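To start, the structure itself, in structure tokens.
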There are 2 protein chains.
Amino acid sequence: MARVRISDVATAAGVSTATVSLVLNDRVERISPATAARVRQAAAAVGYTPNTVARGLRTQRTHTLGLISDTIATTPFAGRMLAGAQDAAREHGYLVFLVDTDADPKVEEKAIRALVGQQVDAMIYAAMWHRVVEAPAGLPTGTVFLDCRPSGGGFPAVVPDDRQGGVAAVRELVAAGHRRIAYVDVAEDEPPVASGLRHQGYLEVLAEAGITPDPALHARGETSAAGGCAAVGRLLDLPADRRPTGIFCFNDRMAAGAYVAAHRRGMDVPRDVSIVGYDDQQLVAGEQDPPLTTVALPHYEMGRWATEVALGVREPPREDSTHLMPCPIVRRDSVGPPPTAA
Amino acid sequence: MARVRISDVATAAGVSTATVSLVLNDRVERISPATAARVRQAAAAVGYTPNTVARGLRTQRTHTLGLISDTIATTPFAGRMLAGAQDAAREHGYLVFLVDTDADPKVEEKAIRALVGQQVDAMIYAAMWHRVVEAPAGLPTGTVFLDCRPSGGGFPAVVPDDRQGGVAAVRELVAAGHRRIAYVDVAEDEPPVASGLRHQGYLEVLAEAGITPDPALHARGETSAAGGCAAVGRLLDLPADRRPTGIFCFNDRMAAGAYVAAHRRGMDVPRDVSIVGYDDQQLVAGEQDPPLTTVALPHYEMGRWATEVALGVREPPREDSTHLMPCPIVRRDSVGPPPTAA
DNA sequence: TTGAAAGCGCTAACAA
DNA sequence: TTGTTAGCGCTTTCAA
């Protein structure tokens, strides 16, 4: 581990460390080509790797980015956010410090201090699912919020456009000819912000299609396959004239439960009932039979956006500081025309 | 961002920077309590956070750990590995640099250089799934391999004990009374090492139970729900006297497919057929109906182990340098006694 | 075109 | 018990 220093390269090349530094940083404007070549060769020969800690101390730029999250990395859910952040960071020569805090404020505070102490050039504060958070104290200005919004504003943020996603999902059903469309929402005392936004999108599409919303078709259940199964079961047990022919579920897990509820009643998807999910969750949406049409959460794109803004290579939004990332529809095979009998 | 330095604290407390350093690093043996208190107060008052980059340069220890992986972070699969690594790192005051390389050797090499340049104190090289890898050049000695083994040895490594996991799975079936037990393996030209190891465990249990292995019960399929469904379908279509009553699937996804195959034939799990999976994958195993009995991959524990060995707070294994982490059985409701008719 | 020297913020000998 | 000083490895004026 006896690291080779810039002075070793200088000695090997018979020049000063200043010259080596200039050459290795491609500031060769006023260095003779011969010297430059000699330096590069010497560097390679002695196996030199610059000490970026020393460089960071001197230049006050560490080329590191701190990414604090509640549980982004340790959950199967939002890893693509990390991928987007990593890719963007790498493209700009940055390394990322990742720290998961389990949403523990104590841990969070320590993490922020540690990252600030490490002189990170940029910071991202990420949540596992779209929500409004209290910005922890000590966050450097310019910190970007990823998949969450600071309740008090003041920071650039990016979240999925859940309203638009709801619109996309329900339009898919309307376009297939459905008129009786249910929204299977989450049943929680403090529902996630996505819940209301997707519902809003749902109502918008009904309005634009001239459909009067039926409160009976706004179902609720636990956020799980079992919860979706129960809620959708109640919907499918409605008399035929009131029963929905298209169902938009809050997420893919609940949609998976919807399949079960349908199958138990001898109904086929999409022949007897069409289903649209949300999240495009790996190993869930695509593995249903038939594969589930759903709305994708743009995790990768959000991770990229947040990183680019944090690194200053992309302008943050002007007026309102939170950016809404579109949620694209992913067409698979769970949507068809409504049954003719209905 | 005009950071406050140790000299600011020194000025505020009316002492030298050396004294501040001593106090803040709890080397107060020979510092008067009054001075120590004054320093701490001054540090708090001016809002001092030590510059760990400068400290690292001086002490030659950065308290950072580099974690290189193919796609560990960006896959829903092995995030728990990261959680284990993070927890262990935090406990010892380390911050982790995470870099995903997508298994691209070019990216991998750059990542190693970058991490070495950052003077990381420890390094972990992780894979997303248990396999044997070519150790990339430039890895510092002491690098720990996580969920993979270097083909040439020479580094401590930790992988799941897939043979033992296979034993646990099949014993579960034998204990329930099954005698005709199938193993649904992966059909790939270069099967993952786990495939053979789990099969080995399967054969061991059959032997210890005095059951002659039936080659017809060693099925193969694609590693997906669809593949599991197809392979298990063929098994269930066997004449009743040759049909398995217990099925051990290579992973949970294939096991999910096994449920589908059974249901399509009007069979109930576990009344007509018992199923055991592998991986204990979130949002898959627990969400089956009935919940799937499976074998858990000890991702969290492996992440922790690797980090502790990398940080030198745990002894690496002596003789053979790769540590086998036990895979515990997770009992849910997909195993019951064989149907009496069989 | 190149080199000498200072200094980033900290810790650790050594001196007082 | 505390302060002075050197130096970690690098970049960057400034001088030659």
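Residue numbers begin at 1 in each chain, while the letters A, B, ... track the order of the sequences. Computed from heavy atoms alone, side chains included, the values below leave out hydrogens, waters and symmetry copies. No experiment lies behind these values; they were computed from the predicted model shown.
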**Q.** Distance, rounded to the nearest Å, where B:Arg5 contributes CZ and C:dT11 contributes P
**A.** 14 Å
Q.
With no hydrogens and no angle check, just 3.5 Å: does a side-chain donor-acceptor pair link A:Thr71 and A:Asp100?
A. no
(Q) From CZ of A:Arg58 over to P of D:dG7, roughly how many Å is that when rounded to an integer? (A) 18 Å
Q: Look at B:Ser32 and D:dT2 and indicate whether a side-chain polar atom (N or O) is within less than 4.0 Å of OP1 or OP2.
A: yes
Q) Ignoring hydrogens and angles, does a donor from either the side chain of B:Arg30 or the base of D:dT1 sit under 3.5 Å from an acceptor on the other? A) no
Q | side-chain N/O A:Ser21 vs D:dT12 OP1/OP2, d < 4.0 Å | A | no
Q. Tell me: CG of B:Asn25 to P of C:dT11, nearest whole Å?
A. 5 Å
Q: Say whether, by atom type as modelled, one donor and one acceptor occur between the side chain of B:Thr52 and the main chain of B:Arg55 under 3.5 angstrom.
A: no
Q: In whole angstrom, give the distance that lies between atom NE2 of A:His63 and atom C1' of D:dT11.
A: 12 Å
(Q) On the nucleotide D:dT2, are OP1 or OP2 found under 4.0 Å from the side-chain N or O atoms that B:Thr35 carries? (A) yes
Q: Among D:dT2, C:dG3, D:dC10, find the nucleotide with the atom closest to the side chain of A:Arg55.
A: D:dC10
Q | Salt bridge A:Arg131-A:Glu190, side-chain N to carboxylate O under 4.0 Å | A | no
Q) Under 4.0 angstrom, heavy atoms only, what part of the nucleic acid is B:Val15 near: base, sugar-phosphate, or nothing? A) sugar-phosphate
**Q.** Separation of D:dC10 P from B:Gln118 CD (nearest whole Å)
**A.** 13 Å
**Q.** Given DNA chain C, 5'-ward residue of the pair B:Leu57 and B:Arg27, judged by closest heavy atom
**A.** B:Leu57
Q: Might you confirm whether atom CD of A:Gln41 has over 12 heavy atoms from other residues, nucleotides or ligands at distances under 6.0 Å?
A: no
Q: Please report, rounded to the nearest Å, how far the C1' atom of D:dT11 is from the CD atom of A:Gln60.
A: 11 Å
Q: Report the distance from atom CD of B:Glu29 to atom P of C:dA13, rounded to the nearest whole Å.
A: 13 Å
Q | Along DNA chain D (nearest heavy atom to each residue), the more 5'-positioned of A:Ala54 and A:Thr19 | A | A:Ala54
Q. Does the side chain of B:Gln119 come under 3.5 Å of the side chain of A:Arg3 through a donor N or O and an acceptor N or O?
A. yes
Q: Take the protein atom CG of B:Leu22 and the nucleotide atom P of C:dT11, then report the distance between them rounded to whole Å.
A: 9 Å
